[in-house]
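Heads up, the thing below is written out as structure tokens.
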Amino acid sequence: MFTRRQFIASAALAERLFAAPKESKLPNPELEKLADSALRQAKKLQATYCDIRIVRLRDQRVSLRVTTERGTGRLLSVPGVAEDSSFGFGVRVIVNGAWGFAASPVVTPEEIARITGEAVVIAKANATIQPRPVRLAPVKAYRDRWVTPHDKDPLNVPMGEKIDLLTRVTSEVKKNVKVFSGAASLSLRSEDKYFASSEGSSIQQYLLQIYGNVDATAVDREKNLSRSRSYVPTQASAGWEYVPEMNLEENAQRIREEVLEHLAAPPVRPGKKDLLLMPNHLMLTIHESVAHPTELDRALGYEANYAGTSYITPDKIGRRIASEHCTFIGDRTSPRALGTCGYDDDGVKATSFTIIDKGIFKSFQTTRDQAHLIGEKESHGCSQADSWATVPFQRMPNVWMQAGPRDVTLEKMISEIDDGVLIDGRGSYSIDQQRYNFQFGGDAFWEIKGGKKRGMISRVSYQARTPDFWQACDATAGQSYWRQYGTTGDAKGEPTQINSISHGCSPTRFRNIDVILTD
Amino acid sequence: MITREEAQKLCQQALSLTSFPECHATLTSSEQAYTRFANNGITTASFNLRHSLSIVVTREGRSGSVSVNDLDLPSLKNAMKQAEELAAIAPVNSERLPALGPQEFPATFDLDERTAAARAPEMIPHVKTIIDAALQEKMVAAGLIERTHRVTTIANKAGLFGYHRSSDSQLTTTIRQRDGSSSGWAGQPSMKLAALDSPSLARTAIEKCKRWKNPQKLTPGNYTVVLEPTATGDLVRLITNGFSARNTEEGRTFLSKRGGGSLLGEKVFPEFVTLRMDPFDPRQPSSPWTNDYLPNRAITWIDHGKIANLAYDRYWAWKTGQPATPAASSFGRGAGSLIMEGADATLQQLIASVERGLLVTHLWYIRPVNPQTLQQTGLTRDGLFLIENGEITTPVMNMRFLESPVRLLKNTQRLGQAVRVRGLEGGIMIAPALIAKDFPLPSISDAV
């Protein structure tokens with residue numbers, strides 16, 4: 001535990017270390033010098049591998065909730081304006097064939113050397129119960145600098161501009177007095193990350209993420225009923241120039257009316273129905289039932305105590321697990337996707353690879369220490385830690401579904417449904433520890449009858465068995481309908497780490513799925 | 001370890017850097033050591049240190065918040081300037097109340113020095129015990145042993161000051177057959193790492209794994225269930241989200257009445273259901289202060305089936321003329337001190353009293369379906385068994401549930417002994433095993 005002396009020993013380094021001009025192609029030499037303290041100490045302590053990540057995370061959050069005070073009709077505003085930052089380093093070593101990791105927020109050469117020693121002690125202790133030594137797939141040594149493409153750094157945009165935007169957005173939601181409360185938020189994150197390894201890599205990255213949302217809530221006190229409607233634009237790895245594309249104000253007007261429609265919407269009649277799932281809904285189904293089960297660490301039992309294992313095991317490579325309409329790509333290079341970067345936390349260059357090709361399972365997501373376990377020669381670059389203080393391990397990249405033929409339109413897919421439901425947005429979601437049985441709700445639902453989209457309905461969820469569900473996919477719309485959406489709370493590992501990634505797809509149809517009536 | 005005096009000095013230094021009339025500082029420092037294992041070997045282990053200082057400054061109802069972990073003087077000055085700039089442009093918070101002055105915080109007993117300092121030598125023997133037991137049975141063990149040590153200091157310009165140290169530990173394991181045909185789980189949260197009972201946890205998980213081999217399909221439907229304490233905690237803790245006085249009065253919780261009013265004072269649950277929070281219970285760490293920085297205190301939410309209290313934050317208490325209470329929440333500061341009272345019956349006695357039902361080890365991936373009724377969905381995991389005529393007869397394939405803790409407690413028929421539990425979703429409380437009727441299990445899961 002820290003003493004006060006240690007607390008204040010760290011100089012305000014972060015600004016200087018990461019402030020080098022973004023057009024520079026090489027890492028800051030001062031970072032390289034700091035990293036050298038870890039690499040030299042690890043070598044001295046007989047580590048066969050060492051890497052260090054020096055990271056600064058910044059998170060700017062603006063929110064505004066506006067509620068009507070009962071009795072007076074006065075509008076009560078509760079704003080939130082906050083900036084968080086966190087700076088520190090983590091060191092990984094391999095000693096006697098076992099991993100060790102230690103981390104500290106005090107970024108000085110002395111503390112880096114001390115913490116490297118701690119990591120070595122841990123690795124030596126771990127080696128006493130190590131069934132087989134760690135083996136790393138080969139990787140090239142890179143000396144590089146990578147920056148999320150952007151014109152205007154969102155964290156440098158004046159806060160007043162962000163507050164003004166949210167004020168306009170919540171005002172739009174509250175223009176209809178029947179709407180009980182309106183809320184909006186913006187979150188802007190950046191990660192300065194420097195990675196160096198004993199294999200010669202030295203990589204500096206600057207990653208950006210932007211999130212926004214608008215919520216409306218309506219209450220019917222006579223019926224004792226409360227319903228909400230949300231607009232969550234594509235969460236993007238981008239600059240501030242993306243914000244106008246979010247269309248927050250325009251969509252605030254839409255959800256203001258839709259929340260009232262939702263409050264009055266009749267309940268679904270449960271039974272087998274066809275589903276037409278919009279990209280902002282299907283992204284989460286893809287996340288849970290395609291992306292997670294194709295993580296190799298799960299498939300091999302490394303997550304058995306918490307996140308679980310997988311119904312997709314290595315013997316399923318080359319076998320059909322979905323219909324021919326289903327092709328999925330793992331991709332850390334997709335433009336504006338949350339999981340896009342230059343290199344992963346093993347120092348592997350970002351890449352893309354086919355996970356499922358026309359329904360046939362092709363490959364798992366892997367890291368350097370896993371690839372050899374299934375006879376592969378290189379990593380797919382899926383190693384990531386959520387902070388300087390946490391251990392990198394296998395996390396999913398962006399996983400997206402290929403669009404269908406150009407002539408498959410939303411209207412055409414609706415016209416071919418006799419009894420179905422169109423689902424928009426995220427709702428409740430739950431899936432078992434091998435990713436077989438799932439249940440998903442949504443944010444809003446429309447009945448489809450006789451080939452036509454009808455009025456809004458409520459209280460909808462669907463349950464399915466993953467392999468049956470993806471076999472029941474019979475159409476996905478063309479590229480012009482393709483959108484990607486992100487999820488920011490992907491939890492995995494013990495202690496739990498949180499990841500942000502994007503999943504793209506077009507509106508997609510599934511036949512004969514169990515739709516249930518919920519509360 | 002940062003001492004009370006050192007923390008106070010650092011906070012006072014931060015507070016002295018602003019001319020704003022109100023400033024609140026929260027200094028946290030934490031240390032975590034853990035070892036993860038899987039496939040009968042250690043996979044990752046870590047020792048990490050973190051600290052952060054969060055500053056909130058306020059003037060004329062406008063607040064700005066900044067959190068940093070660079071704590072040298074130039075960084076603090078910079079952070080304060082940033083917070084002041086944010087406050088200057090923030091909209092006025094209509095619900096803000098003046099800062100609290102000095103408070104008398106009660107002593108809570110949340111620290112075990114040996115747990116707070118434990119490292120690999122104290123932890124790895126537990127891992128070895130479990131892996132050796134699994135190897136002996138030709139099974140595969142995975143799990144986590146973890147301890148945390150946390151120091152939290154709060155201070156404001158009005159004279160409020162609090163300093164609190166806490167520690168905690170847990171050991172969990174999942175033991176599976178090598179062919180993946182069966183799985184068993186056991187877990188123990190403990191204030192004292194020395195009290196972790198790895199041989200017992202290994203035995204329980206292995207026994208579950210052996211008994212759950214070749215589970216059979218059962219027709220989906222409503223069943224009487226015996227929930228083991230962890231499964232009870234997984235669901236019951238979520239009921240606290242419905243106790244907000246504000247949300248209830250706004251017509252948005254299960255305690256809201258049609259047309260207005262609440263169920264406060266009414267008997268909603270069976271006589272034997274009592275749910276309370278007690279930050280002084282030595283079995284689990286809590287916090288000396290509430291989310292609003294008022295002195296923490298014990299409070300009963302359900303008293304022998306009757307709704308005994310609603311939760312008032314400072315603003316809603318001020319607005320309605322009620323006393324403020326600790327927050328009723330399944331997460332946050334109050335969550336650690338939640339207690340559902342149990343009874344004397346052992347788990348075996350509960351099982352023996354069931355003619356036909358299911359024994360549930362624990363629950364997984366629990367998510368809200370309806371925030372108002374608190375309907376949840378999720379799945380059983382790592383051991384589901386059919387009980388017939390008071391005996392466990394058949395391993396059963398996992399099933400999805402669709403139920404609210406409100407209906408669960410209404411349908412509860414009998415309680416067992418209460419112990420401290422920590423579910424996979426992170427919920428910690430003291431919970432009993434229980435028998436409940438008509439638990440909806442609408443579909444089967446192939447997952448093992």
Side-chain angles (χ1 to χ4, degrees), chain A residues 1-4 7-8 10-12 14 64 76-79 81-87 98-105 118 122 125-126 129-131 159-160 163 219 221-222 224 226 301-302 304-306 389 391 393 428-434 436-437 439 441 461 463 494-495 518-519, chain B residues 1-2 6 10 29 31 36 38-51 64-72 74-75 86 89-91 93-95 120 124 128 142-144 174 176 251-252 256 258-260 364-365 367 369-370 372-373 375 377-379 381 400 443 445-447:
Chain A
M1 188 58 79
F2 292 106
T3 63
R4 181 169 179 268
F7 253 41
I8 60 173
S10 170
L64 186 60
L76 300 175
S77 296
V78 180
V81 184
E83 288 199 32
D84 297 341
S85 70
S86 175
F87 173 49
W99 282 118
F101 176 84
S104 166
E118 292 276 3
I122 290 168
N126 293 349
I129 316 179
Q130 184 77 0
M159 194 60 101
I163 293 169
V219 180
R221 282 168 73 87
E222 293 312 311
N224 205 11
S226 165
Y302 289 95
N305 190 53
Y306 171 60
V391 182
F393 73 126
S428 182
Y429 54 99
S430 168
I431 190 163
D432 69 41
Q433 76 276 14
Q434 287 191 314
Y436 271 117
N437 175 310
Q439 178 177 318
S461 277
Q463 287 185 2
E494 288 183 300
T518 61
D519 279 359
Chain B
M1 166 58 62
I2 188 161
E6 288 172 333
L10 195 59
S29 173
E31 192 186 274
R36 259 189 116 185
N39 291 326
N40 291 336
I42 291 174
T43 54
T44 52
S46 168
F47 172 69
N48 64 68
L49 311 164
R50 302 191 206 207
H51 60 235
S65 167
V66 167
S67 157
V68 291
N69 74 340
D70 252 356
L71 301 178
D72 56 305
S75 299
L86 293 179
I89 55 169
N93 183 341
S94 325
E95 299 182 4
I124 286 185
K128 193 165 181 335
L144 172 78
T174 302
R176 295 169 65 81
R252 295 190 289 134
S256 308
R258 275 175 185 254
W364 165 246
Y365 221 126
R367 291 295 180 276
V369 175
N370 183 317
Q372 189 166 5
T373 66
Q375 186 182 41
T377 190
L379 297 115
R381 181 168 169 176
R400 172 170 294 286
S443 63
S445 156
D446 300 76

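With a threshold of 4.5 angstrom between heavy atoms, Ile129(A) approaches chain B through its backbone and through its side chain. Of the atoms belonging to Val78(A), heavy atoms from both backbone and side chain fall under 4.5 Å from chain B. Using a 4.5 Å cut-off between heavy atoms, Ala389(A) touches chain B through backbone and side chain atoms alike. For chain B, the nearby part of Tyr436(A) is the side chain; its heavy atoms alone come within less than 4.5 Å. Only the side chain of Gln372(B) comes within contact range of chain A, judged by heavy atoms closer than 4.5 Å. For chain A, the nearby parts of Asn93(B) are the backbone and the side chain; heavy atoms of each come within less than 4.5 Å. Contact annotation for Leu76(A): both backbone and side-chain heavy atoms come within less than 4.5 Å of a heavy atom of chain B. At a 4.5 Å heavy-atom cutoff, the contact between Gln463(A) and chain B is made by side-chain atoms alone. Ala90(B) touches chain A through backbone and side chain together, each having a heavy atom under 4.5 Å away.
Considering only heavy atoms from C-beta on, Gln434(A) stays 4.5 Å or farther from Asp446(B) through its side chain. Residues Leu10(B) and Glu6(B) fail the side-chain proximity criterion, which asks for heavy atoms closer than 4.5 Å. Contact annotation: the side chain of Ile42(B) never approaches that of Arg36(B) to less than 4.5 Å [non-hydrogen atoms, C-beta and beyond]. Between Leu64(A) and Ser77(A) the shortest side-chain heavy-atom distance falls below 4.5 Å.
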Can you list the steps and then say if Asn305(A) with Glu494(A) is a side chain to side chain donor-acceptor pair (under 3.5 Å)? CA-CA 9 Å; Asn305(A) 190 53; Glu494(A) 288 183 300; 3.0 Å; yes
Would Arg367(B) and Gln439(A) count as a side chain to side chain contact (heavy atoms under 4.5 Å, CB included) here? Give the steps. CA-CA 10 Å; Arg367(B) 291 295 180 276; Gln439(A) 178 177 318; over 6 Å; no
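Rounded to the nearest 0.5 angstrom, Ser445(B) OG and Asn437(A) CG are separated by 5.0 Å.
Ranked by heavy-atom pairs under 4.5 Å with chain A, the list Ala120(B), Gly251(B), Ala45(B) is led by Ala45(B). Of the listed residues (Val68(B), Thr44(B), Asn40(B), Asn39(B)), the one with the most heavy-atom contacts under 4.5 Å to chain A is Asn39(B). Looking only at heavy-atom pairs under 4.5 Å with chain A, the residue among Gly378(B), Gly64(B), Ser443(B) that has the most is Ser443(B). If you tally non-hydrogen atom pairs under 4.5 Å between each of Gly41(B), Ser65(B), Ala38(B) and chain A, the highest count goes to Ser65(B). Taking chain A as the reference chain and counting heavy-atom pairs below 4.5 Å, the highest number among Leu86(B), Thr373(B), Val66(B) is found for Leu86(B).
Looking only at atom types and distance, the side chain of Arg400(B) has a donor-acceptor partner in the side chain of Ser430(A) under 3.5 Å away.
Outside the 6.0 Å centre-distance limit, the rings of Phe393(A) and Trp99(A) are not counted as a close aromatic pair.
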